[in-house]
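Shown next, in structure tokens, is the structure this report addresses.
Just so you know, ligand 1 is whichever comes first in the structure, and atom 1 is the first atom listed for that ligand. As a basis for the values below, the full set of heavy atoms in this structure was taken, side chains included, without hydrogen atoms, waters or symmetry mates.
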Amino acid sequence: MNFSEKFRVKPGNTIRLAKIDAAFKDKHEDQSSTLAEMENYKKRLRDLQYLLYAENKQSLLIILQAMDAGGKDGTINHVLGSMNPQGTRVYGFKVPSAEEASHDFLWRIHQAAPHSGQVSIFNRSHYEDVLISRVHNLIPKKVWSKRYDLINDFEKNLSDSGTHILKFYLHISKDEQLRRFKHRLDDPTRHWKISESDYREREFWGDYTKAYEDVLCKCSTEHAPWFVIPADHKWFRNLAVSQIVVATLESLKMEFPKPTIDIKKVREKYHKAEKEANN
Ligand code: ATP
Ligand code: MG
């Protein structure tokens with residue numbers, strides 16, 4: 001199945017998240033039937049990122065948003081895990097610092113945008129400024145309601161400058177969130193991940209859902225599409241995200257740069273050195 005098509009939010013389309021099955025797993029029973037396909041994606045991700053880095057002309061920005069315990073960390077680990085760390089970066093956006101808050105909301109985001117040849121992943125992003133800010137009335141409606149257009153313009157600017165943008169909403173069900181909270185409680189090595197705010201925010205599930213639906217409808221564009229990824233099954237989430245990232249990188253028509261030196265002459269030098277070394 002072509003996940004880029006299936007999960008992409010068409011610009012302007014209305015989304016009702018409650019109608020999207022978070023436990024969708026396509027034709028697969030379980031993870032075992034996907035292992036070979038996954039291995040193939042990992043290899044292609046590595047090769048394509050190497051090419052992006054070598055070509056050094058365009059860049060890739062992956063934005064991850066989800067409810068708490070939605071699997072952002074796991075996705076990052078999985079998708080970036082097969083790439084060369086030298087050409088990749090991860091940025092986590094938390095509550096803005098005093099300095100960040102004293103600038104416009106896109107200031108800290110713009111600084112983290114990838115430079116050419118690089119893959120960047122945002123763990124949360126400027127979308128928090130129309131999600132948590134809206135849900136908790138941190139700013140007036142007349143301010144946040146203007147931000148959708150500002151975000152679209154900002155992303156268009158990045159896109160026009162050679163940054164390809166993919167935005168993933170990792171869609172988990174409310175039941176699955178609770179299962180993951182329990183898993184964290186039961187596993188002492190995960191206790192550090194638990195925060196009171198997870199439970200507090202869960203009470204606002206409905207408000208967050210509404211805020212996400214507006215984001216998906218207003219900010220999925222041709223140049224920076226949103227994808228709603230069924231994420232109750234971690235292995236399916238990884239499969240879908242990997243396939244979409246691979247397909248996007250493959251569509252970029254990247255090429256290795258032409259050598260700046262005369263390879264024939266260098267080869268002659270090499271043979272001379274080899275001969276000397278053997279004498
Ligand atoms: P995990 O899922 O592993 O808990 P996390 O991304 O939730 O990781 P936390 O430190 O728990 O990391 O939470 C970061 C918090 O910062 C979130 O509650 C998020 O909503 C908040 N945040 C991020 N950006 C903004 C913003 N622009 N304004 C207000 N709050 C923000
Ligand atoms: Mg958290």
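- Between Ser125 and ligand 1, not a single N/O pair is under 3.5 Å apart.
- Ion pairing between a basic and an acidic side chain is recognised when a charged N comes within 4.0 Å of a carboxylate O; Asp214 and Arg134 show such pairing.
- No part of Arg184 comes within 4.0 Å of ligand 1, judged by heavy-atom distances.
- Which parts of ligand 1 touch Asp73 is read off a 4.0 Å heavy-atom cut-off, strictly below it: atoms 3 (O).
- Phe204 meets the ring pair (Phe, Tyr, Trp, His ring centres under 6.0 Å) test with His136; sequence neighbours excluded.
- Contacts of Asp104 classified as side-chain contact (heavy atoms from CB on, under 4.5 Å), with partners at least two apart in sequence or in another chain: Leu106, Trp107.
- Under 4.0 angstrom from ligand 1, the non-hydrogen atoms of Lys72 all belong to its side chain.
- Distances between N or O atoms of Ala69 and those of ligand 1 include no value under 3.5 Å.
- The existence of a salt bridge linking Asp30 and Lys234 is excluded, since no basic side-chain nitrogen approaches an acidic carboxylate oxygen closer than 4.0 Å.
- Atoms of ligand 1 lying under 4.0 Å from any heavy atom of Arg108, numbered from 1 in the order shown and given with element: 24 (N), 25 (C), 26 (C), 27 (N).
- Minimum heavy-atom separation, Asp186 to Lys182: OD2-NZ, 2.6 Å.
- The pair Lys57-Glu255 fails the salt-bridge criterion, with no side-chain N (NZ, NE, NH1 or NH2) lying under 4.0 Å from an Asp/Glu carboxylate O.
- For the ligand labelled ligand 1, residue Met67 lies outside the 4.0 Å heavy-atom shell.
- Counting heavy atoms of neighbouring residues, nucleotides and ligands inside a 6.0 Å radius, atom CD of Glu196 does not exceed 12 of them.
- For NZ of Lys10, the number of neighbouring non-hydrogen atoms (other residues, nucleotides, ligands) closer than 6.0 Å is greater than 12.
- With distances taken over non-hydrogen atoms, the option nearest atom 5 (P) of ligand 1 out of His136, Glu128, Arg124 is Arg124.
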Full working for side-chain hydrogen bond (donor to acceptor under 3.5 Å, both in side chains) between Glu155 and His126: CA-CA 11 Å; Glu155 291 178 356; His126 41 300; 2.9 Å; yes
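- Nearest residue to atom 31 (C) of ligand 1 from Val95, Ile194, Val135 is Val95 (criterion: closest heavy atom).
- Contact between Glu201 and ligand 1 is absent, with no heavy atom of the residue lying under 4.0 Å from the ligand.
- Below 4.0 Å from some heavy atom of Phe93 lie the following atoms of ligand 1, by number and element: 23 (C), 24 (N).
- Residue contacts with ligand 1 for Lys94 involve both N, CA, C or O and side-chain atoms from C-beta outward (heavy atoms, distance under 4.0 Å).
- Taking 4.0 Å as the cut-off, Pro96 counts as a neighbour of ligand 1 on heavy-atom distance.
- Of all the atoms in ligand 1, the ones that sit under 4.0 Å from a non-hydrogen atom of Asp68 are 7 (O).
- At a 4.0 Å heavy-atom cut-off, ligand 1 touches Ile132 through the side chain alone.
- Here the closest non-hydrogen pair linking Asp73 and Asn123 is OD1-ND2, 3.1 Å.
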